[in-house]
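Following: one structure in structure tokens, then a few remarks.
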Amino acid sequence: MASISLRKLRKSYGAATVIHDIDLEIRDKEFVVFVGPSGCGKSTTLRMIAGLAEVSDGELYIGEDLVNDVPSKDRDIAMVFQNYALYPHMTVYKNMAFGLALRKAKPDDVDRKVRDAAAILDIEHLLNRKPKALSGGQRQRVALGRAMVRNPEVFLLDEPLSNLDAKLRGTMRAEITKLHKRLDATFIYVTHDQIEAMTMADRIVVMKDGHILQVDTPQRLYDQPVNMFVAGFIGAPQMNMLPATIRRRETGFVAEFDGTELPLPATLDAARITPYLDREVVLGIRPEDFHEIAPPAVDPDHLAQLSGKVELSELMGAEMHLNMRLGGQDVIARVSPRYAVADDQQVDLVVDLSNLHLFDPETQESILYAPTPSGTQAAA
């Protein structure tokens with residue numbers, strides 16, 4: 001079994017601590033993605049799991065075994081690096097076979113495993129080439145094949161697609177996801193790209209400054225971010241954050257913004273909102289919750305109209321992004337690409353408040369959604 005358990009795991013370099021006592025439970029055969037900005041500690045955490053970086057404190061388990069002091073070669077893991085790390089003087093075949101040859105595997109077994117992996121990755125026709133004759137995508141497939149032939153229980157992938165162009169990254173995302181399902185192994189994937197995280201993961205681990213902020217399925221992470229950092233990091237364009245004040249009216253709670261009262265859905269937990277009565281909060285509205293006309297499927301009581309000036313419209317093909325000035329605040333709305341609007345034009349948009357978010361401006365924590373322990377969030 002290839003479950004992985006991080007218990008109060010810490011990594012320090014002298015007096016500087018870069019990973020702060022993190023706890024995480026990764027289930028057997030799960031696809032978990034670590035995501036966060038550069039320097040957040042995601043690659044360092046991966047390297048500790050791989051045995052390439054020493055654990056300063058805490059416990060690291062693979063299955064039932066404590067592996068803090070177990071060498072990397074004995075952990076039954078395979079790692080795919082950002083730069084592929086292929087031997088330039090070896091053919092593709094020899095690159096893929098090298099690890100097995102070091103373990104003195106039988107030549108027939110080596111040949112079978114290399115050719116089986118090459119067939120799965122569609123690189124059989126490349127086996128006699130050297131890395132310099134391959135494209136970036138082909139080199140990435142070779143690096144994956146070299147890991148596959150070892151038949152490890154855990155695959156560790158450290159930003160493997162960052163050197164590829166956008167189109168090829170999309171193709172390889174799908175290939176790696178299908179490979180995970182086919183191999184039935186545990187995958188841990190590191191990226192700074194939230195699109196990769198959202199499209200590939202069973203669960204996402206969001207990190208910042210060496211801390212785990214939230215662990216959840218992609219959909220729950222998107223729908224219920226526990227703080228402003230997660231809310232802003234997940235989603236493109238990122239969530240709009242607007243200052244507002246909570247008021248109580250006969251019909252229920254409202255968020256007062258720029259002289260407009262936005263009705264809060266009655267489905268929200270009143271016990272969480274009441275302590276913020278007559279206090280300033282941060283109102284979070286995703287760009288896709290702005291509409292040119294009222295969506296027919298949304299309760300009219302959850303809709304409000306806001307007026308703003310379009311400073312810049314960006315046609316993205318399938319959608320249009322409106323960069324607007326709304327009550328002294330910069331806002332992005334995502335609307336239909338066929339919405340006829342010009343720069344410097346005043347427009348009225350309907351906002352769907354059924355998916356709004358509220359945050360404490362001091363702690364930046366969500367008022368509506370509380371975090372749960374890292375190891376128990378959202379079963380896959």
Side-chain angles (χ1 to χ4, degrees), residues 1-28 30-87 98-99 102-103 140 143-144 146-148 150 152-163 176 180 185-193 196-197 200-201 203-215 233 374-375:
M1 187 172 88
S3 61
I4 295 172
S5 178
L6 314 181
R7 304 177 187 177
K8 302 298 179 187
L9 205 66
R10 181 188 303 173
K11 178 61 181 175
S12 300
Y13 295 98
T17 299
V18 296
I19 301 295
H20 300 267
D21 298 334
I22 61 174
D23 292 295
L24 180 66
E25 300 292 333
I26 298 173
R27 294 181 283 273
D28 183 33
E30 190 174 20
F31 196 131
V32 168
V33 176
F34 285 79
V35 70
S38 297
C40 70
K42 53 190 185 295
S43 290
T44 300
T45 302
L46 193 77
R47 290 176 62 83
M48 284 194 286
I49 296 172
L52 301 177
E54 183 181 352
V55 174
S56 300
D57 199 10
E59 296 177 332
L60 171 60
Y61 287 85
I62 298 179
E64 301 297 324
D65 300 323
L66 179 65
V67 297
N68 286 41
D69 300 317
V70 175
S72 180
K73 65 183 180 65
D74 297 326
R75 294 193 182 192
D76 199 15
I77 55 96
M79 192 157 179
V80 179
F81 296 93
Q82 178 179 350
N83 61 0
Y84 317 135
L86 302 178
Y87 296 107
F98 185 70
L102 284 180
R103 288 168 173 76
Q140 186 60 76
L144 286 168
R146 184 176 56 188
M148 285 171 57
R150 293 178 50 198
E153 290 194 343
V154 180
F155 283 79
L156 306 178
L157 300 98
D158 190 5
E159 304 211 40
L161 307 185
S162 60
N163 291 330
I176 291 174
H180 168 251
T186 303
F187 274 48
I188 305 176
Y189 188 104
V190 161
T191 182
H192 63 275
D193 187 335
E196 288 181 18
M200 300 173 76
R203 285 191 302 158
I204 298 173
V205 180
V206 182
M207 295 189 69
K208 180 187 178 186
D209 298 333
H211 297 274
I212 291 178
L213 299 189
Q214 188 170 358
V215 184
F233 194 84
S374 298

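Every pair tested for salt bridge (charged side-chain N to carboxylate O under 4.0 Å, His left out) that includes a residue from residues 73-82 fails, sequence neighbours excluded, so the list is empty. For the salt bridge (charged side-chain N to carboxylate O under 4.0 Å, His left out) condition, the pairs that include at least one residue of residues 2-19, sequence neighbours left out, are K8-D23, R10-D21.
With sequence neighbours left out, F81 forms a side-chain contact (heavy atoms from CB on, under 4.5 Å) with L52, M79, N83, A85. With sequence neighbours excluded, the residues that form a side chain to side chain donor-acceptor pair (under 3.5 Å) with T17 are S12. Residues satisfying the side-chain contact (heavy atoms from CB on, under 4.5 Å) criterion with D193, sequence neighbours excluded, are R169, T191, I195, E196. With sequence neighbours left out, the ring-ring contact (aromatic ring centres under 6.0 Å, His included) criterion links H192 to no other residue. Judged as a ring-ring contact (aromatic ring centres under 6.0 Å, His included), and not counting sequence neighbours, Y61 has no contacts. Checked against ring-ring contact (aromatic ring centres under 6.0 Å, His included), F155 has the following partners two or more places apart in sequence or in another chain: F187.
In the displayed structure, E54 atom CD is contacted under 6.0 Å by at most 12 heavy atoms of other residues, nucleotides or ligands.
We find the CD-CZ distance between E159 and F34 to be 13.0 Å, quoted to the nearest 0.5 Å. Atoms CZ and CZ, on F98 and R146 in that order, are 9.5 Å from each other to the nearest 0.5 Å. In this structure, CD in E59 is found 11.0 Å from CG in L6, a value given to the nearest 0.5 Å. For the atom pair CD1 (I22) and NE2 (H211), the distance works out to 10.0 Å, reported to the nearest 0.5 Å. Going from atom CG of D28 over to atom CD of E153 covers 7.0 Å, rounded to the nearest 0.5 Å.
Under the side-chain contact (heavy atoms from CB on, under 4.5 Å) rule, L157 has a single partner from I188, L144, V33, which is L144. Tested against V206, the residues V35, V215, I212 include a single side-chain contact (heavy atoms from CB on, under 4.5 Å) partner, V35.
Of all non-hydrogen atoms in I19 and L9, the two that sit nearest each other are CG2-O, 3.6 Å. The heavy-atom pair separating A78 from P152 by the smallest distance is CB-CG, 3.5 Å. Contact detail for L60 and N68: the closest heavy-atom pair is N-OD1, 2.8 Å. Among all heavy-atom pairs drawn from A197 and I204, the shortest one is O-CD1, 3.5 Å. When all heavy atoms are compared, the tightest approach of I77 to A50 is CD1-O, 3.9 Å.
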Under 3.5 Å, which donor-acceptor pairs do the side chains of residues 37-46 form with other protein atoms, sequence neighbours left out?
from	atom 1	to	atom 2	distance (Å)
K42	NZ	G36	O	3.0
K42	NZ	P37	O	3.2
S43	OG	D158	OD1	2.9
T45	OG1	G41	O	2.9

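No side-chain heavy atom of V55 sits under 4.5 Å from any side-chain heavy atom of D69. Contact check for P160 versus Y189: side-chain heavy atoms found under the 4.5 Å cut-off. You'll find the side chain of H20 stays beyond 4.5 Å of the side chain of D209, heavy atoms only. Using a 4.5 Å heavy-atom threshold, the side chains of V70 and I62 count as separate.
Of the N and O atoms on the side chains of E30 and T186, not one donor lies less than 3.5 Å from an acceptor on the other residue.
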